[in-house]
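As structure tokens, the structure follows; a few thoughts come after it.
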Number of protein chains: 2
Amino acid sequence: MSRASEDTIAVRISKVLAERIVAGTLEPGTRLRQDHIAAEFGASHVPVREAFRRLEAQGLAVSEPRRGVRVASFSKEEVREVAEMRAALEELALRHAAPNLTSAILDAAERATRAGDRSGDVRSWEAANRTFHRTLLAPCGMHRLMAAIDDLHAASARFLFAAWRSDWEARTDHDHLAILAALRQGDIDQACTVLVRHVRAVNQRPLPIAGGMTRRLFVVGG
Amino acid sequence: MSRASEDTIAVRISKVLAERIVAGTLEPGTRLRQDHIAAEFGASHVPVREAFRRLEAQGLAVSEPRRGVRVASFSKEEVREVAEMRAALEELALRHAAPNLTSAILDAAERATRAGDRSGDVRSWEAANRTFHRTLLAPCGMHRLMAAIDDLHAASARFLFAAWRSDWEARTDHDHLAILAALRQGDIDQACTVLVRHVRAVNQRPLPIAGGMTRRLFVVGG
DNA sequence: CTCCCGCGAATTATAGATAATTTTTAGACG
DNA sequence: CGTCTAAAAATTATCTATAATTCGCGGGAG
């Protein structure tokens with residue numbers, strides 16, 4: 001389906017860089033030097049520049065003319081902002097998806113969230129969580145809306161990984177189950193209410209920092 | 001402030017092309033050929049390709065690998081989708097902007113909407129309308145949110161211009177005044193309610209088509 | 001000692017050239 | 001008369017090269 005060789009080189013590069021930025025391999029503020037990246041991918045810098053434009057549009061990188069592009073940094077205000085945007089757009093998506101949700105889809109969503117409960121690390125939990133949301137929302141059939149939500153999910157995942165690099169413990173996600181229960185009963189308003197609260201919930205947790213210090217960082221958990 | 005010569009060539013090209021697409025000079029489906037555009041701007045095709053990536057991110061163009069890029073087409077479903085996304089995000093922005101709205105800002109917004117009432121053509125009405133919304137919402141201080149709203153406004157303007165190429169008659173925008181009145185009274189909920197209804201309102205109007213036929217098209221009016 | 005200036009290395013931005021793919025066109029065949 | 005095929009033209013995507021700008025560092029003046 002999405003075989004890498006069918007994409008253009010620029011797309012391939014942007015996907016790899018996006019993964020690294022989200023995963024935290026590339027830390028905020030890191031300069032992305034086109035020649036170095038071009039050399040790494042065995043390409044010239046023209047497709048690299050196009051990849052930069054894509055990352056910029058996703059909010060994963062910032063570019064200053066003539067001064068290069070850096071991995072976007074983020075503050076707790078931006079974490080909040082992304083959470084609020086997600087809440088607003090996911091509610092919209094859910095309201096339009098609801099009429100199209102079959103029990104098969106709801107079952108698939110439940111499998112996704114249960115897989116998340118069993119996950120042993122942050123990355124697999126995030127993947128399962130993203131699947132849960134996408135399974136429920138994609139039936140809205142709104143292309144542009146889903147693209148926007150996907151970008152926000154990438155940003156959320158970045159914040160999550162920045163805070164929970166290790167020491168992750170899975171717990172059953174009661175919000176997800178409550179959303180599914182409400183949808184199965186046809187109570188769309190209730191499902192939306194829980195979804196919005198769930199996505200907006202921003203937890204503050206201690207984050208161990210290199211050097212023995214700890215710093216408080218906001219983490220979106222939904 | 002935003003002198004064109006301070007931008008990179010790619011940015012400059014993308015702005016001009018965006019204007020043309022929004023204005024309807026470039027019709028949906030039109031192929032954008034990089035060499036031709038490069039020649040027109042007296043530039044090479046590298047910045048043109050970067051401009052394409054920006055347009056793609058804004059939803060104004062679509063690109064198929066190895067097959068070039070075209071001006072994005074749109075359906076009435078997408079018009080609806082953009083209106084709903086605007087409603088959701090503008091409400092969010094207004095709720096966060098409200099605490100920061102001074103009477104000076106509200107007065108500026110009122111001047112903008114009154115300028116729109118006096119406008120003689122669609123383009124100046126749209127500019128005034130956009131100023132009104134941006135004046136009210138920008139104080140939310142949420143950068144990413146405002147960028148998303150700006151892109152949606154561009155899409156809305158495109159739909160508007162596609163339907164109202166000529167025969168425009170200005171009318172006083174009572175919704176705008178109602179929003180301002182509610183904000184002046186500190187009734188944020190009421191302001192949001194009117195704003196959401198206002199943005200979501202999608203009017204169906206007959207659109208004269210070349211050849212004497214008329215076709216129905218959806219137009220966002222807010 | 002601090003601050004400012006200027007030179008050199010590194011990097012970005014654009015131009016020109018090349019390879020590969022798609023679209024178009026012309027012609028033959030059914 | 002339409003359709004399939006193959007060569008030609010046009011176009012995209014990429015690479016290599018060049019110009020312009022920024023960044024870092026060292027020396028000298030105050």
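Chain A is the first sequence line, chain B the second, and so forth, proteins listed ahead of strands; every chain is numbered from 1.
- A distance-only check finds no donor-acceptor pair linking the side chain of B/E50 to the backbone of A/R53 [under 3.5 Å].
- The residues A/E81 and A/R200 are annotated as not salt-bridged, no charged nitrogen and carboxylate oxygen being separated by less than 4.0 angstrom.
- Between the side chain of A/T113 and the backbone N or O of A/E110, no donor-acceptor pair lies under 3.5 Å.
- Remark: B/R12 does not engage B/E19 in a salt bridge, criterion side-chain N to carboxylate O under 4.0 Å.
- Of the charged side-chain nitrogens involved, at least one lies within less than 4.0 Å of a carboxylate oxygen, so that B/R134 and B/D150 count as a salt-bridged pair.
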- Contact letters for nucleotides 12-22 of chain D, in which S counts primed atoms plus P, OP1 and OP2 and B counts the base, heavy atoms under 4.0 Å: BBBBBB---SS
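- Here the P atom of nucleotide C/dA13 and the CD atom of A/E56 are 10 Å apart, to the nearest Å.
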